[in-house]
K.L.:
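Quick one: the structure is below, questions incoming.
All ligand and atom numbering here is 1-based and tracks the order in the structure. The structure presented is a predicted model; accordingly, all values stated were derived computationally and were not measured. One-based numbering along the sequence shown.
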Amino acid sequence: MFPFSPHSPQARAIASLFTATLVLAAIVFVTVSGLVSYSLLRYRARGNPNEPPQIAGSKKLEMIWTVVPLMLVIALFIITVRTAAFIDAPLRPGQTPDLVITGHQWWWEARYPNGAITASEIHIPYGRRLLAQIESADVIHDFWVPQLARKMDAVPGLAGYIWLEADAIGAYQGACAEFCGAQHAWMRLVVIAETEESFSAWLKRQSEPAQAPTGVEATTGARLFQQMKCGDCHAISGTAAAGSRTGAAGPSGPDLTHVASRRYLGSGISPNTPPNLAQWITDPQSAKPGNRMSNPNLSSQEAQALLAYLETLQ
Ligand code: CUA
């Protein structure tokens with residue numbers, strides 16, 4: 001429906017509210033500008049030097065221009081409150097979130113109860129309503145996937161909750177909707193709605209620890225990852241260097257356990273291809289200026305090895 005293409009009951013309610021408000025506003029605009037234009041033409045100066053009769057007030061007119069706008073505002077208020085109540089349907093007592101989404105400068109982390117952690121790519125089963133808890137690790141962000149749900153601020157120290165749901169299989173683009181620093185514009189995300197079966201398979205796979213690499217180059221890359229302390233910022237589940245996900249394994253950067261399985265890098269700034277991933281490890285600041293990653297100063301052989309290792313993290 002104009003002007004969005006909503007894909008959940010919540011987003012449809014918001015789109016309907018927007019359309020209703022737009023139509024009402026258009027009617028008011030056309031009526032007011034029509035009356036003004038009519039008066040200008042009908043009562044324009046006609047070379048008569050005498051002042052026209054002066055009218056000091058009209059109870060009837062004043063009633064009309066007070067009561068009509070008041071009714072319009074009341075109508076808008078009622079449909080807005082109804083929409084708000086619908087999209088923020090109450091939680092069941094003691095209900096726990098189906099996923100926790102955390103805003104970071106400048107990417108999104110999503111954690112699922114089974115231990116799966118991903119970055120800027122959220123999977124949901126279509127046709128089922130999930131409860132998402134929205135948090136921030138640093139400054140105020142705002143989680144927004146226009147086709148699926150309302151906006152929700154991610155405020156440090158505060159948990160917000162939204163219903164996340166899609167009525168059709170698809171990839172729905174989202175973005176941060178609160179200015180949060182240099183790369184605010186590249187704090188995108190994608191919500192992938194899929195069947196229950198493929199969602200379960202994805203969720204299970206994402207919760208599994210990384211496999212130890214087998215090839216010579218990838219093994220060298222894994223050793224480099226440890227030596228260079230990449231694990232101070234990034235976690236890779238199942239590796240000695242990264243340790244457990246709840247321990248010292250760097251929570252500040254995106255979890256890399258299944259980095260190669262993701263569609264995008266840098267919160268949507270580039271497709272996840274080997275050349276783009278190579279750019280991240282050789283010149284992170286050119287890949288996404290202002291991001292928190294410092295240049296690891298790799299030789300080209302080291303970069304090759306590290307890339308080979310990262311590409312095994314499916
Ligand atoms: Cu995060 Cu804007």
Side-chain angles (χ1 to χ4, degrees), residues 3-8 10-11 14-15 18 87-88 97-112 116-124 130-166 171-193 206 232-235 245 250-256 258-259 262-272 276-277 279-280 283-294:
F4 311 116
S5 118
H7 269 288
S8 75
Q10 293 83 0
I14 294 169
F18 179 88
I87 61 178
D88 278 341
D98 298 299
L99 71 165
V100 177
I101 299 166
T102 307
H104 294 255
Q105 283 176 313
W106 292 279
W107 56 283
W108 297 98
E109 180 178 72
R111 280 171 285 143
Y112 292 77
I117 305 179
T118 182
S120 307
E121 178 175 316
I122 292 164
H123 288 238
I124 60 172
L130 300 188
L131 179 65
Q133 179 174 323
I134 312 292
E135 299 179 342
S136 169
D138 36 49
V139 301
I140 299 177
H141 304 276
D142 189 290
F143 180 84
W144 193 30
V145 185
Q147 289 179 282
L148 302 186
R150 59 166 294 186
K151 287 178 180 172
M152 176 55 75
D153 271 1
V155 181
L158 206 66
Y161 294 91
I162 58 166
W163 296 108
L164 201 54
E165 170 174 16
Y172 303 96
Q173 300 294 326
C176 179
E178 178 73 44
F179 182 71
C180 56
Q183 288 289 352
H184 159 68
W186 280 114
M187 196 166 157
R188 306 284 178 86
L189 71 133
V190 60
V191 174
I192 293 163
Q206 296 287 319
D232 283 0
C233 294
H234 297 282
R245 277 169 164 170
S252 55
D255 187 291
L256 299 180
H258 297 282
V259 63
R262 295 179 200 144
R263 299 186 180 193
Y264 299 100
L265 294 171
S267 215
I269 204 165
S270 58
N272 188 1
N276 287 337
L277 188 53
Q279 187 188 7
W280 269 93
D283 191 0
Q285 291 305 314
S286 81
K288 188 173 183 177
N291 84 73
R292 297 273 164 91
M293 182 163 162
S294 56

K.L.:
Contact between Trp108 and Phe143 at the side-chain level, heavy atoms closer than 4.5 Å - yes or no?
P.N.:
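Yes, side chains in contact.
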K.L.:
Has Met187 got an N, O or S atom lying less than 2.8 Å from atom 1 (Cu) of ligand 1?
P.N.:
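Of the N, O and S atoms in Met187, at least one lies under 2.8 Å from atom 1 (Cu) of ligand 1, which means yes.
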K.L.:
Taking atom 2 (Cu) of ligand 1 as the reference point, name the nearest N/O/S atom of His184.
P.N.:
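That would be atom ND1.
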K.L.:
Between the main-chain N or O of His123 and the side-chain N or O of Tyr112, is there a donor-acceptor pair closer than 3.5 Å?
P.N.:
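Checked: pair present.
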K.L.:
Arg188 vs Gln173, test: side chain to side chain donor-acceptor pair (under 3.5 Å). Steps then yes/no.
P.N.:
CA-CA 7 Å; Arg188 306 284 178 86; Gln173 300 294 326; 5.9 Å; no
K.L.:
Kindly indicate, with the supporting measurements, whether the criterion salt bridge (Lys or Arg N to Asp or Glu O under 4.0 Å) is fulfilled by Asp255 and Arg111.
P.N.:
CA-CA 10 Å; Asp255 187 291; Arg111 280 171 285 143; over 6 Å; no
K.L.:
Name of the His141 N, O or S atom nearest atom 1 (Cu) of ligand 1?
P.N.:
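Answer by atom name: ND1.
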K.L.:
Hey, what's the angle at atom 2 (Cu) of ligand 1 spanning SG (Cys180) and O (Glu178), nearest 10 degrees?
P.N.:
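It rounds to 110°.
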